[in-house]
Student: 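Have a look at this one.
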Amino acid sequence: MSSQWQLLTPAKIPQDFLEAVRSYTQNSSGEYAAQLLWQRGIQEIEQLSGFLNPDEYQPTSPFAFGEEMERAVERLSMARNNAEKVIIWGDFDADGITSTSVLWEGLGQFFEQHQTLNYTIPNRLTESHGLNITGIDRAAEQGTTLIVTCDTGSTNLEEIDYANSLGIEVIVTDHHTLPPERPPVVAIINPRYLPEESPLFHLSGVAVAYKLVEAMYATLPEIPQNPLEELLDLVAIGLIADLVQLSGDCRYLAQRGIVQLQKQTRNPTRPGVAKLLELCQRTGDRPTDISFGLGPRINAVSRIHGDASFCVELLTSRDKKRCNELALETELANTRRKELQKNVVQSVGKKLQQIDLSTTSVIVLEDSQWSGGVLGLVAGQVAQEYGRPTILLTTGIEGELARGSARSVARIDLYQLVKSQEHLLHRFGGHPFAAGLSLLVENLPLFRDGINQQLRSQIGDVAAMGTTVCADLEVTVAALGKELFRELKLLEPCGMGNPVPKLLIRDCWFSEVWNNNAKDFRGKKVQYIKTTFTVCDDSCPEGFPGIWWGHYKEELPQDRGCDAIAQLDYNTYHQRYEVRLVAVRLSEEGSQFEGIGDRQDWIVDWRGESYDRAETSDYILLENCPVSWDEVHQSFRRAVAQKSPKLALAYPSPASPSPQTLWQTLVGIAKYLQRTGEMATLAQIEEKLNLTPSTLKLGFNALRAIGFEIEQEKDRVRICGWNDPHATSEPTIEKFLGAIAEEQFQHQYFYQVSVSTVQRLVSPNLF
């Protein structure tokens with residue numbers, strides 16, 4: 001699905017503000033950084049120091065949580081004095097794992113680990129987020145009297161009641177959606193109870209856990225042996241991996257945490273973190289080292305194994321040998337996760353072809369073969385590509401139950417949307433952007449209809465739900481590099497509310513395009529893809545390196561005028577600056593071809609349907625829709641050769657039957673020729689299908705793959721037999737269908753291309 005592109009309107013920056021920003025930049029004008037800061041609401045000089053320099057920020061006291069924090073500290077102090085058994089109840093994603101690790105280390109300063117303090121993490125594949133009865137029973141058998149949750153627990157009202165009935169009290173630390181009423185707990189520390197303007201409002205689970213430890217340090221300062229700051233690298237990992245809005249204390253903690261994280265590559269105190277950084281070829285000095293490196297690897301363990309408990313040991317143990325073993329296990333899980341994710345993406349793509357997206361507000365798909373651990377990732381990809389909330393469910397785990405994940409887009413509150421169908425659900429939880437849910441398989445049709453109807457009643461026109469890619473700045477290729485990178489780095493760490501800057505590059509082209517099949521750390525090729533390239537424009541013909549993750553080289557237009565949206569990054573492994581491609585489209589303004597002129601008399605009309613053929617004796621008529629600029633150029637060369645002063649491009653809007661329909665038509669032609677013994681010319685088949693010779697050749701390959709015997713005599717075709725009518729060869733058919741889709745795209749492009757573009761591209765210098 002195509003997306004809408006938007007470029008933020010550049011603001012006129014006051015000179016004094018620009019000068020203030022420039023004081024933070026090195027050897028650059030500061031104009032890009034100033035523009036971005038202004039766009040993101042940093043418009044006062046007084047705001048700059050606290051935003052750009054954590055040393056100038058005043059962090060908020062943990063006791064800003066009020067009585068809830070005071071009650072939690074009081075209860076933990078009592079548990080310590082009475083040598084009670086305490087269990088930390090975490091979660092299996094990166095935020096939950098780091099939250100558990102922070103409490104394990106932090107509260108471990110006040111309780112004896114593995115004696116009065118233990119932790120538990122639910123199994124992603126067999127359990128759900130949050131408290132559960134089985135785990136509470138197990139805690140009771142161990143003599144536990146206090147549970148401290150992290151990154152979970154706010155809405156587990158029944159489970160909390162059950163724990164209380166067994167004599168177990170609960171402290172909740174969480175950041176997810178609040179229940180209608182305060183749960184029956186000792187304390188609930190959740191920033192959603194605070195005003196939205198509070199600098200603590202956007203804390204993730206790990207940051208809330210850190211605030212509880214900070215409060216304990218402040219209350220009992222004589223007890224801890226380790227500095228509180230040593231926890232900040234774990235806080236940064238959880239904050240950035242959980243995609244929360246990095247403002248207020250969130251930004252401060254992430255900034256401080258990244259400084260702490262950098263130390264792990266030089267003088268590691270966390271051998272597990274150091275080994276992970278080594279395996280993902282990162283140094284820990286960038287937020288992307290977490291979002292593209294550490295975070296996905298920590299998340300992968302529960303997605304593949306279900307049980308992610310060993311990740312706490314990986315992050316907190318000082319045993320180098322053991323941590324190396326666990327880090328390698330984590331790396332392998334991440335490699336496997338990528339392969340599973342690719343397989344599910346392909347399966348989802350086939351199912352999407354079978355539904356009518358014009359009437360679909362919420363995409364709801366299920367399959368018994370899907371791996372539940374990667375459904376959230378794939379749902380996020382689909383939601384972004386199709387501009388619709390997406391729910392993917394697997395029906396192969398618990399018999400009658402379907403379980404899965406949901407992801408939202410734009411400003412649609414996914415939690416409330418799913419909650420509207422609560423009467424059909426077994427369990428659900430989450431927040432406005434992501435949710436997990438389970439329901440009876442027999443309820444799926446009602447759920448799908450109900451949630452679609454609910455969203456349609458809110459937004460009205462489904463067709464208006466497309467995705468929007470917003471570019472922050474327009475730059476040239478020549479501007480890419482070290483100085484621009486330093487300016488953009490001032491805004492780090494980036495996240496929700498302060499996204500990674502997106503750069504619009506107009507009228508560029510791509511060269512040296514290549515597919516790289518990625519390999520795991522053992523050198524084994526794995527089934528996911530990336531495309532490398534060089535992007536060029538008139539400002540820098542030699543180009544600038546780039547990468548496009550998850551895409552094939554055929555998806556990238558080559559030697560054609562394009563517009564691109566990209567992010568500027570630094571590749572630590574190759575030690576170079578490069579761009580990460582976000583989106584690309586054919587340019588409406590121009591191309592990289594040399595010899596662009598302005599001889600407007602060469603063009604009469606791009607779609608000359610109104611021209612009478614009798615009046616076009618002086619024209620060369622191009623009656624068939626082209627699929628490349630070469631075809632247009634050839635027509636102009638013919639015009640020059642015939643000394644025709646003008647060219648009329650007069651063809652109707654191209655009809656576009658589906659690629660599958662054209663494949664079925666080709667099979668029908670083959671069956672007819674085989675049955676009758678007749679021959680057909682290539683021109684006849686090309687005209688019937690409206691395909692180019694190169695695409696038709698792929699069609700013949702697909703026919704051969706399913707059993708047809710084809711003989712060609714120059715420009716004529718004979719079908720001699722059909723050996724195996726039941727044979728299938730999906731790869732060759734898919735290749736043919738893909739070529740049709742590309743050709744139809746080209747037809748549509750050349751039908752819609754503007755007159756000014758053709759005028760600029762056609763010049764006698766080309767001939």
Side-chain angles (χ1 to χ4, degrees), residues 3 91-96 98-99 124 128-130 151-152 154-155 174-179 190-192 194 196 200-208 238-248 250-251 254 287 290-292 295-296 299 303 341 361-365 373-393 403-422 425 427-438 451 454-455 458-459 465-470 493-500 502 582:
S3 57
D91 197 22
F92 41 68
D93 64 5
D95 191 25
T98 52
S99 300
R124 181 192 284 265
S128 183
H129 296 273
D151 194 36
T152 194
S154 292
T155 57
D174 194 11
H175 72 120
H176 293 100
T177 304
L178 298 173
N190 189 320
R192 290 179 178 269
L194 301 174
E196 192 167 350
L200 300 177
F201 184 78
H202 295 290
L203 295 184
S204 74
V206 68
V208 177
L239 270 170
I240 293 172
D242 206 50
L243 302 178
V244 295
Q245 181 168 316
L246 294 179
S247 60
C250 283
R251 178 176 175 82
I290 296 170
S291 54
F292 295 123
N299 277 321
R303 297 185 191 280
Q341 185 176 344
S361 302
V362 183
I363 295 172
V364 182
L365 300 172
V374 299
L375 293 186
L377 297 172
V378 180
Q381 289 180 247
V382 175
Q384 289 301 315
E385 182 175 354
Y386 290 89
R388 288 158 171 75
T390 299
I391 302 172
L392 302 181
L393 302 156
R403 281 182 48 189
S405 297
R407 294 294 184 269
S408 189
V409 291
R411 298 181 180 275
I412 297 172
D413 189 328
L414 184 64
Y415 181 85
Q416 293 300 325
L417 185 62
V418 174
K419 192 175 189 300
S420 70
Q421 308 304 306
E422 188 173 10
L425 301 177
R427 293 188 67 168
F428 85 99
H431 51 74
F433 308 104
L437 67 155
S438 61
I451 202 166
Q454 177 68 22
L455 187 55
Q458 295 176 13
I459 63 169
M465 291 181 60
T467 58
T468 298
V469 182
C470 186
C494 295
M496 291 179 60
N498 179 37
V500 176
K502 294 184 178 66
V582 175

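Since the model is a prediction, treat every value here as computed from it, not as a measurement.
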Student: Partners of S154 by side chain to side chain contact (heavy atoms under 4.5 Å, CB included), sequence neighbours excluded?
Tutor: V172, D174, P179, I188, N190
Student: Apply side chain to side chain contact (heavy atoms under 4.5 Å, CB included) to V364 and list each qualifying residue two or more places apart in sequence or on a separate chain.
Tutor: V362, I391, L393, F447, R448, I451
Student: Do V208 and P191 have side-chain heavy atoms sitting under 4.5 Å apart?
Tutor: yes
Student: Going by side chain to side chain donor-acceptor pair (under 3.5 Å), name the residues that satisfy it together with R251, two or more places apart in sequence or in a different chain.
Tutor: none
Student: Does D151 use its side chain to pair, donor to acceptor, with the backbone of G96 at less than 3.5 Å?
Tutor: yes
Student: How close do S99 and G205 get, counting heavy atoms only, and between which atoms?
Tutor: OG-C, 3.1 Å
Student: Under the rule for side chain to side chain donor-acceptor pair (under 3.5 Å), what residues qualify as partners of S291, not counting sequence neighbours?
Tutor: none
Student: Can L417 and Q454 be said to form a side-chain contact (heavy atoms from CB on, under 4.5 Å), step by step?
Tutor: CA-CA 7 Å; L417 185 62; Q454 177 68 22; 3.8 Å; yes
Student: Would you find a donor on one side and an acceptor on the other, under 3.5 Å apart, between the side chain of S408 and the backbone of F433?
Tutor: no
Student: Are the side chains of L425 and V418 in contact, using a 4.5 Å heavy-atom criterion?
Tutor: yes
Student: Using the ring-ring contact (aromatic ring centres under 6.0 Å, His included) criterion, which residues pair with H202? Sequence neighbours excluded.
Tutor: none
Student: Provide the closest heavy-atom pair for I240 versus P493 in the form atom of the first, atom of the second, distance.
Tutor: CD1-CB, 4.3 Å
Student: Find out whether P389 and V409 are in side-chain contact, i.e. whether some heavy atom of one side chain is under 4.5 Å from a heavy atom of the other.
Tutor: yes
Student: Looking at side-chain heavy atoms only, is the closest gap between P432 and L414 below 4.5 Å?
Tutor: no
Student: If you look at every heavy atom in A383 and R407, which pair is closest and at what distance?
Tutor: CB-O, 4.0 Å
Student: Determine the minimum heavy-atom distance between C494 and P287, stating which atoms define it.
Tutor: N-CG, 4.3 Å
Student: With sequence neighbours left out, write down each residue that passes side chain to side chain donor-acceptor pair (under 3.5 Å) with D95, or none if nothing qualifies.
Tutor: H175, S204
Student: Taking side chain to side chain contact (heavy atoms under 4.5 Å, CB included) as the definition, give me every residue that meets it alongside Y415, ordered by chain and number, with sequence neighbours left out.
Tutor: T155, T177, D413, K419, F428
Student: Distance check, rounded to the nearest 0.5 Å: R124 atom CZ versus D93 atom CG?
Tutor: 6.5 Å
Student: How close do A241 and G295 get, counting heavy atoms only, and between which atoms?
Tutor: CB-CA, 4.1 Å
Student: Let me confirm one number: the CZ-CG distance from R427 to L437, rounded to the nearest 0.5 Å.
Tutor: 11.5 Å
Student: Under the rule for salt bridge (Lys or Arg N to Asp or Glu O under 4.0 Å), what residues qualify as partners of K502, not counting sequence neighbours?
Tutor: none
Student: Indicate yes or no: at least one non-hydrogen side-chain atom of L455 is less than 4.5 angstrom from one of Q458.
Tutor: yes
Student: How far apart are the C-alpha atoms of V244 and L239, what are their side-chain angles, what is the distance that settles it, and do they pass the side-chain contact (heavy atoms from CB on, under 4.5 Å) test?
Tutor: CA-CA 7 Å; V244 295; L239 270 170; 3.7 Å; yes
Student: Taking side chain to side chain donor-acceptor pair (under 3.5 Å) as the definition, give me every residue that meets it alongside Q341, ordered by chain and number, with sequence neighbours left out.
Tutor: R337, Q381
Student: Decide yes or no on side-chain contact (heavy atoms from CB on, under 4.5 Å) for L377 and R303, but give the supporting numbers first.
Tutor: CA-CA 10 Å; L377 297 172; R303 297 185 191 280; 3.7 Å; yes
Student: Rounded to the nearest 0.5 Å, what separation is found between the NE2 atom of H129 and the CZ atom of F92?
Tutor: 3.5 Å
Student: Can you find a pair of side-chain heavy atoms, one from N498 and one from L246, that are under 4.5 Å apart?
Tutor: no
